[in-house]
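Written out below as structure tokens is the structure these notes cover.
In what follows, chains are A, B, ... by sequence order, proteins preceding strands, each numbered from 1. Because only heavy atoms are used, hydrogens play no part in the values below, and waters and symmetry mates are left out as well, while side chains stay in.
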Amino acid sequence: MNDRLIISGIEFNSRLWVGTGKYRDFEETRKAIEASGTDVVTVAVRRVNILNRESENLLDYINPKKYKILPNTAGCYTVDDALRYARLAREAGISDMIKLEVIADEKTLFPDTEGLVKATKILVKEGFIVFPYTNDDPIVAKKLEDAGAAAVMPLGAPIGSGLGIRNPYNIKIILETVKIPVIVDAGVGTASDATIAMELGCDAVLINTGIAGARDPVAMAEAMKHAVIAGRLAFKAGRIPKKLYATASSPIEGMI
Amino acid sequence: MNDRLIISGIEFNSRLWVGTGKYRDFEETRKAIEASGTDVVTVAVRRVNILNRESENLLDYINPKKYKILPNTAGCYTVDDALRYARLAREAGISDMIKLEVIADEKTLFPDTEGLVKATKILVKEGFIVFPYTNDDPIVAKKLEDAGAAAVMPLGAPIGSGLGIRNPYNIKIILETVKIPVIVDAGVGTASDATIAMELGCDAVLINTGIAGARDPVAMAEAMKHAVIAGRLAFKAGRIPKKLYATASSPIEGMI
Amino acid sequence: MNDRLIISGIEFNSRLWVGTGKYRDFEETRKAIEASGTDVVTVAVRRVNILNRESENLLDYINPKKYKILPNTAGCYTVDDALRYARLAREAGISDMIKLEVIADEKTLFPDTEGLVKATKILVKEGFIVFPYTNDDPIVAKKLEDAGAAAVMPLGAPIGSGLGIRNPYNIKIILETVKIPVIVDAGVGTASDATIAMELGCDAVLINTGIAGARDPVAMAEAMKHAVIAGRLAFKAGRIPKKLYATASSPIEGMI
Amino acid sequence: MNDRLIISGIEFNSRLWVGTGKYRDFEETRKAIEASGTDVVTVAVRRVNILNRESENLLDYINPKKYKILPNTAGCYTVDDALRYARLAREAGISDMIKLEVIADEKTLFPDTEGLVKATKILVKEGFIVFPYTNDDPIVAKKLEDAGAAAVMPLGAPIGSGLGIRNPYNIKIILETVKIPVIVDAGVGTASDATIAMELGCDAVLINTGIAGARDPVAMAEAMKHAVIAGRLAFKAGRIPKKLYATASSPIEGMI
Amino acid sequence: MKLRVNGNIIETGANTVLELLEELNIKPERVAVEVNMKVLKKTEYRDFTLSEGDSIEIVNFVGGGYNE
Amino acid sequence: MKLRVNGNIIETGANTVLELLEELNIKPERVAVEVNMKVLKKTEYRDFTLSEGDSIEIVNFVGGGYNE
Amino acid sequence: MKLRVNGNIIETGANTVLELLEELNIKPERVAVEVNMKVLKKTEYRDFTLSEGDSIEIVNFVGGGYNE
Amino acid sequence: MKLRVNGNIIETGANTVLELLEELNIKPERVAVEVNMKVLKKTEYRDFTLSEGDSIEIVNFVGGGYNE
């Protein structure tokens, strides 16, 4: 079965996308990304250290010919900052793709959805392919679609929380509401979280802390690879209905 | 990493075991089993149809040289019946392995744990390698271990219910309580259920209805293959702690 | 223990607030409200039927001297409509309290949080005591507090869904984030949902469909009365920690 | 509505039953029991301290004329011990009621269900009214009913764990399976746990640690009183169906 | 004089909002009145004079919330 | 006469269970008594005579459940 | 000679289990045989002689688990 | 000439952005440059002349997301 993910005409081999933060070193980053089987890697945009030019660069380890580099606007707390970083990212890179983050609060790292919609509109006009990191509100997802976002990236749970998909009901409603791809971003703490996201019908999952923060990031990266494949296949295979027991005549409602 | 499952000296290549019931036909059975990547297949013991010898046999499709055949005592409601079927199974087959079922109730197919412990003791004395299908009571699991069971196979949820691991807490306590392998049997309805079972630390998962009853059994079989690998890897990789949000100082309790 | 709820200087005897929609008739409405023990009743603003003046009025059954009437802007899909209905409500009633609803989508009845914040700012300037119905995004809750809202009313789940508190984690974060009272609005389907909301530390719960849609609305109203009291008392009493079992040395994390 | 609980001809005013262990002192015990509104109190049987006769007695605080005293066989790890304590309890008290506990493991305090059924049969023959503390296995519940138990008392979760009703599905099946009353015993950690137990259709709830271990046991006792009333009323009132959102045509299955 | 009241064209002899309410047999305390999109204070009912073609909304409280 | 009562060896002048309870200042209503593993009925206390070395258990109700 | 085989009364000329299996065209490797409730070892098939009215069960593996 | 580069005041002989990057030993392909808050296209590096006191930002990709 050919089940490629295509967004704005770009074809993706993997439905697992990975971040590059929080790893011990570049070598561990490289190994984990390789084990994950991904072809999409998110990166941040930061000042070059002009005083010490020895320091290696991430791209010495992550070959841009092999991986699609998806720059993000991490750490931006205003629309203007997000726009500035997005434009720099485009010049530093080779593509129009931007993972748009407009963070509202440094404690929870929840997005400022109002600013997010504003920034999306502007960047879309400038020709960017925008992947906005948003909350799980279906209304905001719809506004982002209307603003021209290439996909929506709702959080499953707060960044780095490892709580998984806290509200699968909202994710399900988002999937009913928008036509653009839905990529769960943030919250995935272990393999089953990723599987559940895909079983809901999401198009992909982006994971950073869940892999980089594991005791063995490379093994967890491989776990996530299988988890996403498993969830996608299960979604398409069509699961059996839930019943109180097999001979029960009717499927059960969500009893608890 | 060599992470083979070894039970009573027998080495298993796969931590996903599959049943052979409820498939449309032998060909679908064969394809699903192949897609699952398993090397352990459970079968039932039934009368040969002596009136019509044309009918094909399951083993024409499932090569016993390629797969470990694990006969079960399905449909046995008394200790004596279970013993009788176990002994017949050993003669019909080539191994001492028996998946022991002493069913208490045909509505829920829950086991009669008291009879199960009795039958286990007897069969172990007769040299069987006993895999008892039990409930999720850690006390019963301990009794089965003391009775000489090769592994315990607690149900995640009622057979065919697709409810997944209803009580992960009990499974966790079973894992703390017994030294023999723990194989979740029954209840797995979709890939994430299998992943969760493995993340808890279970040694393997046995699935029948969850695969055979899916809209596309072959695709679901492949999903389950990846799901079990994902869960096992995640368990060994060591997941990140759950927090209300990343910057929260302490991990959270099971809030709801 | 004196544990009165006071908002903007107004003292409330009950932490259960009830709606008046979906009842069979006014008499059932009256009985249910009485059984609920509430002193806050939400009402909608609609055209008087000038062609048929016979029809009775809700206030013939709900005595405004006995109950605080909290008008809402139900059915308003734009900021302007919400402002218009709020202003009409104030003239029709006797207080400055308004339950502000700016609905974004008639399928899910989710709020348009951007419009909600706008409308809140304007109405607060006009001297209204604003109770905005919002989503469970802590960032939006903070914006509403900054806009001068008297309290925030996050949804537990979609209106009329009966799904309870889908994301207690977000409600918990809202409680950490804002200083104004938090009143769960929408989603409560049965008594335990209301109890859970109060155990999280919410200040009150508003229920309409959960009571009016029950097979026996009057009995469910009484159930909700006890449920809210139970949850409030439990919250203040300080529950025991969750452990895998009593003798376990440490509280457990949210295992599943 | 007259909704009295009657077991073996004995009428109970309260559906909340409470234990007497783990309180700071007799006075706190008395206050908590009073606040709970219960009329059933469980007690243990222990040696009189013959060396120091000064020490007060529990019954100086819990008036047997006001409360039904339900002795238990706590701490009994064998059938013989349980029988011995049950017989002593009957002589020490005034009734034939016994809360039968045959504990299998001191770490988890799970029951030995095999021994429990044996002891139940014997005590029933001796004229006892037996309330067995059991696991949540519907098969065992049926065996206890067949053995003549007056009610079954399945655990919601391990004693003192505060995990609530870990497997509501099993409790629901038990309610479908037996005709005798079902009283949840053990596991209730906060008010909503008790409400949920009653909403499932259980006839009563027994709580000890959940009240005695709370920061404010008297307040938690009152919380539990309301929680049980709320759950019972909600069960009888008939809750609204769960839907993904109000306008969804069909109720949802247990999505997660 | 013709007025649009709650979407209906009616013929009335009332010159003020108060007269209109009386004519329609509506108690002023329990309603709010909007004339040509402007919400009136109750104190204005007596003196606010109506003109041919005015669009008037008279609302009151009903059971309901959300969109029922 | 020497008896084992609740695990303690005691010297007593009591000849019956009732006398023993009185000597120990224990109200009979609220306790149960076991002599040499046999549970007595309250009605037996008066007449049940004790012998040298009898093992006696006297129990009553205390707060508790499970294993506390 | 009449035998009860898998619940059916059949007329057979077979004297041993092995002959019976051959007559029924059943491969011995894949089945198990029970005669009058006694399970036979495969090695016994050749020599185990049957008698009038014996009750015989011949089973093999089929797809299934639990009660399907 | 003095410039502010990435927050540091430096003394440079470079007249264009490209010369500055060469002086700083930075490969142009992998960075983006902003001069006085204006983001430059790579094609502008060669000809964009710098003036005393210009504020320049030179950024590249690093591992990270969110706020790390």
Side-chain angles (χ1 to χ4, degrees), chain A residues 18-23 25-26 28-29 33 41-51 53-55 57-62 64 69-77 80 83-94 99 101 103 106 109 133 158-160 185-186 206-209 212, chain H:
Chain A
V18 301
T20 51
K22 301 183 180 162
Y23 285 97
D25 52 43
F26 286 142
E28 187 184 67
T29 311
I33 287 170
V41 173
T42 62
V43 298
V45 173
R46 294 290 181 268
R47 278 174 168 171
V48 171
N49 178 346
I50 62 167
L51 305 182
R53 299 294 307 121
E54 306 316 314
S55 66
N57 180 285
L58 175 66
L59 296 194
D60 300 332
Y61 289 80
I62 310 303
I69 304 300
L70 176 59
N72 60 50
T73 61
C76 295
Y77 286 81
D80 287 345
L83 296 176
R84 183 184 182 190
Y85 274 74
R87 290 159 183 158
L88 282 166
R90 176 151 65 174
E91 290 312 315
I94 39 149
K99 177 159 179 285
E101 301 177 22
I103 304 299
E106 61 184 323
L109 301 177
Y133 154 69
I159 289 163
D185 181 11
L206 190 152
I207 306 171
N208 187 351
T209 314
Chain H
M1 163 171 73
K2 277 196 170 37
L3 301 173
R4 169 178 296 275
V5 181
N6 290 2
N8 309 285
I9 304 299
I10 67 164
E11 180 63 45
T12 176
N15 296 312
T16 67
V17 167
L18 189 58
E19 285 169 28
L20 177 65
L21 292 176
E22 282 160 355
E23 187 181 294
L24 291 171
N25 177 29
I26 294 172
K27 299 202 203 70
E29 316 75 54
R30 285 195 184 170
V31 299
V33 179
E34 186 188 71
V35 179
N36 303 327
M37 294 294 287
K38 176 180 178 309
V39 179
L40 302 188
K41 300 224 159 301
K42 281 200 164 37
T43 53
E44 301 178 88
Y45 294 178
R46 172 173 302 284
D47 306 329
F48 195 100
T49 58
L50 300 168
S51 323
E52 179 74 24
D54 279 347
S55 178
I56 295 148
E57 292 290 343
I58 308 171
V59 301
N60 66 354
F61 293 146
V62 302
Y66 310 115
N67 67 344
E68 60 274 41

Does the side-chain contact (heavy atoms from CB on, under 4.5 Å) test come out yes or no for Ile103(A) and Tyr133(A), once each step is laid out? CA-CA 9 Å; Ile103(A) 304 299; Tyr133(A) 154 69; 3.8 Å; yes

Apply side-chain contact (heavy atoms from CB on, under 4.5 Å) to residues Leu206(A) and Lys99(A) and explain how you reach the verdict. CA-CA 11 Å; Leu206(A) 190 152; Lys99(A) 177 159 179 285; 3.8 Å; yes

Would you mind telling me which of Ala89(A), Gly160(A), Gly19(A), Pro64(A) has the largest number of heavy-atom pairs within less than 4.5 Å of chain H? Ala89(A)

Carboxylate-amine/guanidinium contact Arg30(H) Asp60(A), below 4.0 Å: yes

Could you tell me which portion of Leu40(H) (side chain, backbone, both or neither) has an atom closer than 4.5 angstrom to a non-hydrogen atom of chain A? backbone

Of the listed Val33(H), Asn8(H), Ile10(H), Val5(H), the one with the largest count of heavy-atom pairs under 4.5 Å with chain A is Asn8(H)

Side-chain (Thr42(A)) to main-chain (Pro71(A)) donor-acceptor, under 3.5 angstrom: no

Part of Ala212(A) within contact of chain H (heavy atom distance under 4.5 Å): neither

If one checks every heavy atom of Asn60(H) against chain A at 4.5 Å, the contacting part turns out to be both

Report the option among Val45(A), Leu59(A), Ile62(A), Leu58(A) that has the most heavy-atom pairs separated by less than 4.5 Å from atoms of chain H. Leu59(A)

Taking only Lys NZ, Arg NE, NH1 and NH2, and the carboxylate oxygens of Asp or Glu, determine whether Glu52(H) and Lys2(H) approach each other closer than 4.0 Å. no

